[in-house]
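One structure below.
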Amino acid sequence: MENDHMIQSRSSARSRIPTGLREMNPASTNARSGLLQPGTIAGAVTSKTTSLSQPSRPRSTTQAPEVGRAGAGAASSRVNSTTRVHTRANSHSSSTLTRSATTSARSKGTISGVPPARPHTSMSRSHSVASSRRPNGHGIPRPATSLDTHDEEDSAATVLGKRKGAEWDQESREKTMEDLMNTFVTKMSQAGQESTGMKEALELYKSRVSELEASRKEITDMNLTLRVEMESLKVRLGASEDALKDAQREHEMEIDEIGSRQRRELESARFDAKRELESLASQHQEEIRELKRRFDHEMEDERAARLREISQMTSQTAIDTQKTNMELERKEREIATLHNDMQALRAELERERKSNRDLRQNLDTASSNSVTMESSVRALKARIEFLESGREEQSQAFERLNQQMMDALAETNATKDKLRKEETLRRKLHNQVQELKGNIRVFCRVRPSLPSDPPTGSAQIQYPDETEDSKEIAVLGPEEKSSLGTITRKNSNFSFDRVFGPSTQNAEVFDEISQLVQSALDGYNVCIFCYGQTGSGKTYTMSSLDGMIPRAVHQIYETATGLEEKGWRYTMEGNFVEVYNENLNDLLGNPEELDKKKLDIRHDMQRGKTIITDVTTVRLESPEMVETILKRAASNRSVAATKANERSSRSHSVFILKLIGENDITGERSEGTLNLVDLAGSERLSHSGATGERLKETQNINRSLSCLGDVIAALGQGKEGGHIPYRNSKLTYLLQFSLGGNSKTLMFVMVSPLQAHLAETLTSLKFATKVHNTHIGTAKRQARVRDS
Ligand SMILES: Nc1ncnc2c1ncn2[C@@H]1O[C@H](COP(=O)(O)OP(=O)(O)OP(=O)(O)O)[C@@H](O)[C@H]1O
């Protein structure tokens, strides 16, 4: 860890050396400029290099001295080699530098004695030539100058030598002088050129010197920075060393602690192991003891078992011996018994012989008896033969009876057939009777006085033929004053198909109309109206719980059940609608939709059927359902008006019962409709004194009742293809196929017994008389034979 840390700090310190400073190592310096600082000596360079290299390699406290020494030695050798490299670099500047360095070395006398390399300039070349001529030429060359005269002197000496040795010649001297002059001029020009070069070199040196000065300053600054940095590093190093020491101390403490802990653990482990060893030893001892004990026990058991076996075997042997003895005794006893038995058998044999003798005597007696029995058997056989002959007679009688039964069945079937035919005939005859009675009939019913009636007194109503046909009613009219001042009362006689007095019950009334209900079952359209003023008893007659509607439904069910054995199956569907203000309402539908939902009437002219759109149709599965229907209609009406009675007196209600009958045996099918109509109160407009909404209602009621009268009157005229104004009111349009030639109509005219209602009573009776006088053509039965 510590070594790693040191390496890191070293490398980081190295990386912190400025770029310029790093370039200042000898090699790079030479490479960059090819110049060394003038006056630089190897030692100085060495020391500088060493001092520069030091910051980049921070030493640890322990390594520093060795590294420093090694660094100095290495730096020295590097500088020497660098100097040689420079010498070999062969640049003009480097030769100059070498010379300066040499000079400097010479002055200090500390540099190695290796002679510097020869400079490669033109000047130095001539100088080198001159030096090479010197026999005692030193390794240190003279500085080359432009005014070097050594060559000149040498030439002069040569010329003088020749003069001395030969004739002095003016011309040659002049020539020589000229040559010398030329040479001189040449040299001068060369010197001038060299001087220019030197100047340039000087300038170069100067700029380089200033550059190097700046560089030196920079390096000095850098040096200072590095020193500061080194100081800080030293401080950090000190801190690191302190931390290291602390860490070492902590580490040592930890090691001590771990050691002591380990010792303790070792001690405790040793103690545990020892204890465990002891416990194991004691356990082993215990186990050994246990094993020994078990072994002893097992041995004891084994021994006991063996002993038991031995004793068992001994006792078994004793028992076997005893058994054998007993067997022996038993055998002896058996022998004695057999002996006794033999004695007994001998006695028995004797007895048998005796009985044999007795039997023989009995056989003789039986033989005589057998003869007697044979005669009896013969007598019995004769009797059986006699009986056998009787059985044949019986079977013949049975066959006769069977034949009779078959005949009776055939007769029954024939009777049934006849009955069916008679049913068809009955239907025809029934219809003929109904037709004879008239296809439109009028019954009159006078309701009894009620405790709730106003005390205005009763009208004088008489029933002249009450004890006979009950077809007449006489009403004593109101007092009329004649012109002579005499007061008279007109007695009005009315004749109808039947008149029911106040004491008549619903059951009796229904007896009269039940034949019409039968007609509906037979497949005719039947329409029963209740007409009369408000409170005259229309609803009581028609829709009360024992009224015509429930009774009709009950009768239909009973009759339909009776007709089942004649092959008829009936289905019944009911609608209950109301015509209020010339609108059709569904009394079995949602009461909220009363007066809102629009029901339309459509006629299928081909089939003579009326369809009401969106009306609720209830399939009457049982006669009890009719009560539910009536209650639902009454409750719906009560929602539409504050008083149900109010609504019922201002609207026409129509209970429509469709009866579909099918006969699987005869293939007949019938579709009849029974319409039970409770008309609105028939009081005249002038009498009612109604206004507003009530006036509108009364107008609508009167109009529809008047239309009904018109339709009946038109039908009564009996014109073939004549116009019947069904469309003039909703009611007559709805009942189009139940009024007229194809139907049977019954009108109840309801009469109030009150004197106060006398005028309305007379009006109603007159209207009913008009209807009664109408003869409607023959009804057609809605029946057909199925194709299949
Ligand atoms: N034959 C009768 N026997 C006993 N009570 C009767 C008879 N006829 C009618 N009533 C009673 O007379 C009252 C009025 O009868 P009902 O409501 O049937 O008259 P209505 O003609 O239907 O009147 P509305 O036109 O207002 O509906 C009822 O209380 C009813 O019970």
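Just so you know, these numbers use all the heavy atoms, side chains as well, and skip hydrogens, waters and symmetry mates. Counting starts at 1 for both ligands and their atoms, following the listed order.
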Indicate yes or no: does an N/O atom of K538 lie under 3.5 Å from an N/O atom of ligand 1?
yes

Looking only at distances, can you tell me whether any N or O atom of Y540, backbone or side chain, sits closer than 3.5 Å to an N or O atom of ligand 1?
yes

Can any side-chain N or O of [X] pair as donor or acceptor with the backbone N or O of [Y] at less than 3.5 Å?
X: D465; Y: E472; value: yes
X: D453; Y: L450; value: yes
X: E671; Y: G661; value: no

Sequence neighbours left out, cut at 3.5 Å: what donor-acceptor pairs do the side chains of residues 545-555 make with other protein atoms?
from : atom 1 : to   : atom 2 : distance (Å)
D546 : OD1    : N506 : ND2    : 2.8
D546 : OD1    : S544 : OG     : 3.4
R551 : NE     : D546 : O      : 2.7
H554 : ND1    : P550 : O      : 2.8
Q555 : NE2    : S514 : O      : 3.1

Any atoms of ligand 1 less than 4.0 Å from a non-hydrogen atom of [X]? List them with their elements.
X: R445; answer: 1 (N)
X: L450; answer: 5 (N), 11 (C), 12 (O), 13 (C)
X: Q533; answer: 21 (O)

Report yes if some heavy atom in the side chain of V677 is under 4.5 Å from a heavy atom in the side chain of C527; otherwise report no.
yes

For atom 15 (O) of ligand 1, which of the options S503, A680, G537 provides the nearest non-hydrogen atom?
G537

Compare G501, G532, G535, S544 and give the one whose heavy atom is closest to atom 14 (C) of ligand 1.
G535

Does ligand 1 have an atom that lies less than 4.0 angstrom from a heavy atom of S536?
yes

Does this structure show an ion pair linking R602 with D604, if we count only N-O contacts that are shorter than 4.0 Å?
no

